[in-house]
Structures are given as C-alpha cells and as structure tokens.
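Report on one structure; see the data block that follows.
Sequence positions, counted from 1, serve as the residue numbers for this chain.
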Amino acid sequence: MMAAPINPSDINRIEGVYPVRPPLPAAVGGYEGVGQVHALGPAVTARLSPGDWVIPSPPSFGTWQTYITKHENVWHKVRSDVPMEYAATITVNPLTALRMLQDFVKLNPGDAIVQNGATSIVGQCVIQLAKVHGIHTINIIRDRPGSEEAKNKLKQLGADEVFTETQLDMKNVKSLLGALPEPALGFNCVGGNAASLILKLLKQGGTMVTYGGMSKRPVTVPTSYFIFKDLSLRGFWLQKWLNSDKTEDCRRMIDYLLGLVHEGKLKYEMESISFGEFSLALEKALGKHGSQPKQVIKF
C-alpha cells in the first residue's frame, strides 16, 4: 500500500457504531486506498504487472497496512499519472457525489441542486461534477470564522451561490436565488436546521437525499412540505449500492473520475502525512485540531 485516507466511516467502524463491522479478531482499519503491485501469484490471469497502481474495488477492509495479499478479482488497475492522494481517495467521496447526482432525479443542463455541508469532499465533488454537466449548485455552509474565505474557495470550484445558514434564515428565501431555477434535488449530510433549509429551497415535487448526519440532529419536516410541496425524502449509502453487484459499473466510474482529476476538472483539499505521524492524523480526523482537510496517510 502507498497511501490510504482516514474517512469518518473508518473511525465509526473502529468505534463499533457503523452498520458493517470488520471481522474480529484480525481486523485492520481502512476502507479505501491505493497500492502498487509488488508480485503476482502463478495463477493470476488479470492484466496486472509489478509496478501497476491498484485500488480495492469495491473497497474493502484493511487498507491501513503496508502489505496486502488478496485475490486478483479484488484489485482494479488505475492510472498512475494522477497524484497518489487522489487515487487513494477516489472511491468513497467522489463516487458518492456522482451516484447521488445520477440516481434520484433526472437532471438536465440548466437545472439546479442545493446542498449543505458544501465544504466537505463530497460537497466539493458535487459542485465540480455538476459544473461538468451544466447543473447549477446552491450551497449552504456553517456560520463560522473564515466563512467568506470558504465561500470564495467554493466559487472558484464552480459554485453558483454559497450561503451561510444565517443568510437563509428568512421567509422569502427563494428571492436569494436570482435567475437560478428552484432546485429539484437536494443533498443533506448535516441534519437539523441545515436540512430544513434545503427543504425550504426545493421546488414543488423536489427530492432531498440524506447521506450523512454530521450535526447528529434529526431531520424534521413540516407537515405542509409533504402536503403542499409534495417533497420526497430519500437516503443514500454507497456501500449498499456497491454491494448490489455493481463492480464493473463502479470501476468504469472510477476511471471516469480519475480522468476528470487528470484533466484538472476535479480536485479537493487533502493533507498528506507520513505514517510516522499517524497519531496526529487521527487527532485531526477526529476534529481535535479544528476544521482540517482530509487526512491521507503515506506508507
């Protein structure tokens, strides 16, 4: 293995609160990452050679280790002309963004979506993938020091509008959209008030997809939104999608996403850190040093 990230879901698995748990007692953390082929067994028929970059696809337990020996079907060869950190992190967050944009509402160029948690890697990917397909994005971020800087960064990625939660705490919230169409689709990874703001912005018959709950607060929906706006609430969990015999689809999408990285059309904030400092990386991933970029361990 060359590099692997620390995702929130990795921490949740270690804590024992994630719906899927690794087998004990020989459990190793880590769900995605990139490795380099060191050697092949005599019965391997896949088109792999020593030196190739590979990722576990679908992702699987145990990427936080130096050497892994698994069946050839586990590995997917990826291009090696992109930064190592992107190959290590391309599956969980970028693929989540791509699937949510394609699986729930048929979007056409000129349509709009709304999301909270826009500074997350999924949020950054949603903005850029939407831009590639001509979709407008309305983005919600937390009120915090540095929010103006965060707004500027998201607009540089292609965001059409970025609002703090306080800015949207008004009755005629749709007046802020200007010439943008009302969004038909919304993504919620926060819950609580941030989810309610998405519901306020959605058009008649719109859909909100929840894929996270960072605030640990429930999604509360006014009865009128169901009756008079006919809104739909859905959920998305990437692992469930990956477990539904989507391996080949997944690999094609990984290649597509890494192609966008190579073209400079997909990027997100990460911090690479050596294995010798993994304790610091874990602390940062747990939020003990404030808001931090995605932590990627290099072995």
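- No hydrogens or angles considered: a donor-acceptor pair under 3.5 Å links the side chains of Y31 and Q239.
- For the residue pair Y268 / S120, no side-chain donor-acceptor distance below 3.5 Å is found, with atom types taken as modelled.
- Taking 4.0 Å as the cut-off between side-chain N and carboxylate O, E182 and K174 count as a salt-bridged pair.
- Among all heavy-atom pairs drawn from P56 and G33, the shortest one is CD-O, 3.4 Å.
- Side-chain atoms of W75 never come within 3.5 Å of backbone atoms of G35 as a donor-acceptor pair (strictly under, hydrogens ignored).
- Put simply, CD1 on I6 and CD1 on I273 are 8.0 Å apart, with the number rounded to the nearest 0.5 Å.
- Atom NZ of K200 has more than 12 heavy atoms from other residues, nucleotides or ligands within 6.0 Å.
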What do the steps show when you test M1 against V34 for side-chain contact (heavy atoms from CB on, under 4.5 Å), and what is the final call? CA-CA 6 Å; M1 294 301 294; V34 61; 5.7 Å; no
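- With a 4.5 Å cut-off on side-chain heavy atoms, M214 and C189 count as touching.
- A donor-acceptor distance shorter than 3.5 angstrom exists from the side chain of H71 to the backbone of N73, with no hydrogens or angles considered.
- Closest of all the heavy-atom pairs between N116 and A195 is ND2-N, 3.7 Å.
- Hydrophobic cluster membership differs between F187 and L154, with clusters built from Ile, Leu, Val, Met, Phe, Trp and Tyr side chains linked at under 4.5 angstrom.
- With Q36 contributing its side chain and G51 its backbone, the two residues share a donor-acceptor pair below 3.5 Å.
- Within a 6.0 Å radius of NE2 in H289, other residues, nucleotides and ligands contribute more than 12 heavy atoms.
- Residues Y86 and P94 are not in side-chain contact: their nearest non-hydrogen atoms beyond the backbone lie 4.5 Å or more apart.
- Within a 6.0 Å sphere centred on CZ of R234, heavy atoms belonging to other residues, nucleotides or ligands number 12 at most.
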**Q.** Verdict with reasoning, T119 to Q124, per side chain to side chain donor-acceptor pair (under 3.5 Å)
**A.** CA-CA 6 Å; T119 57; Q124 294 175 55; over 6 Å; no
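- To the nearest 0.5 Å, atom CD1 of residue I90 and atom NE2 of residue H76 are 10.5 Å apart.
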**Prompt:** Could you walk me through whether Y211 and V122 pass the side-chain contact (heavy atoms from CB on, under 4.5 Å) check?
**Reply:** CA-CA 10 Å; Y211 67 98; V122 172; 3.4 Å; yes
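- A cation-pi arrangement is absent between R99 and F236 under the rule of less than 6.0 angstrom and at most 45 degrees off the ring axis.
- The shortest distance between side-chain heavy atoms of L199 and M208 falls below 4.5 Å.
- Interatomic distance, CD of E271 versus CD of Q295, reported as 4.5 Å (0.5 Å rounding).
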| task | Take K106 and N108, measure what side-chain contact (heavy atoms from CB on, under 4.5 Å) needs, and give me the verdict at the end. | result | CA-CA 7 Å; K106 180 174 174 50; N108 298 307; 4.1 Å; yes
Original post:
Should F163 and V173 be marked as a side-chain contact (heavy atoms from CB on, under 4.5 Å) after you check the CA-CA gap, both sets of side-chain angles, and the distance that decides it?
Top reply: CA-CA 11 Å; F163 301 107; V173 67; over 6 Å; no
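- Residues I127 and G158 share a closest heavy-atom pair of CG2-C, 3.6 Å.
- Taking the side chain as every heavy atom from C-beta outward, F299 and M2 never approach each other to under 4.5 Å.
- A side-chain donor-acceptor contact under 3.5 Å links S215 to the backbone of R217.
- Shown here is R142, whose CZ atom has no more than 12 heavy atoms of other residues, nucleotides or ligands within 6.0 Å.
- Considering every non-hydrogen atom in both T91 and L238, the closest pair reads O-CD2, 3.7 Å.
- I113 contributes atom CD1, which lies 8.0 Å from atom CG of L107 (distance to the nearest 0.5 angstrom).
- Counting only distance, with no hydrogens or angles, the side chain of Q204 and the backbone of F228 share a donor-acceptor pair below 3.5 Å.
- For the pair N188 (side chain) and V190 (backbone), a donor-acceptor distance under 3.5 Å is present.
- A continuous path of ILVMFWY side-chain contacts below 4.5 Å connects V82 to V132, so both sit in one hydrophobic cluster.
- Within a 6.0 Å sphere centred on NZ of K229, other residues, nucleotides and ligands contribute more than 12 heavy atoms.
- Between E269 and K153 a salt bridge is recorded (basic side-chain N to carboxylate O distance below 4.0 Å).
- Of the N and O atoms on the side chains of H136 and D111, not one donor lies less than 3.5 Å from an acceptor on the other residue.
- Separation of atoms CG (L202) and CG (L231) is listed at 5.5 Å; rounding is to 0.5 Å.
- Side chains of E165 and D169 form no contact here, defined as non-hydrogen atoms less than 4.5 Å apart.
- Judged by distance alone, the side chain of S272 and the main-chain N or O of V296 form no donor-acceptor pair under 3.5 Å.
- At a threshold of 4.0 Å, the pair D255-R252 does not count as salt-bridged, since none of the basic side-chain nitrogens sits closer than that to a carboxylate oxygen.
- Note that CG of D10 and OH of Y18 are 9.0 Å apart. Values are rounded to the nearest 0.5 Å.
- With hydrogens and angles disregarded, no donor-acceptor distance shorter than 3.5 Å links the side chain of S147 to the backbone of D143.
- Side chains of I14 and W64 form a contact here, defined as non-hydrogen atoms less than 4.5 Å apart.
- With Q115 as the fixed residue, the side-chain contact (heavy atoms from CB on, under 4.5 Å) test singles out one of N139, L185, I141, V209: N139.
- Of all non-hydrogen atoms in A88 and A3, the two that sit nearest each other are CB-O, 3.6 Å.
- Each of I55, V37, D52 was checked for a side-chain contact (heavy atoms from CB on, under 4.5 Å) with K77, and the lone residue meeting it is D52.
- Heavy-atom minimum distance, Q65 versus G62: NE2-O, 2.7 Å.
- By the salt bridge (Lys or Arg N to Asp or Glu O under 4.0 Å) test, E161 pairs with no residue at all, sequence neighbours left out.
- Classified by interplanar angle (parallel below 30°, tilted 30° to 60°, perpendicular above 60°), the ring pair Y256/H133 is tilted.
- Within a 6.0 Å sphere centred on NZ of K70, other residues, nucleotides and ligands contribute more than 12 heavy atoms.
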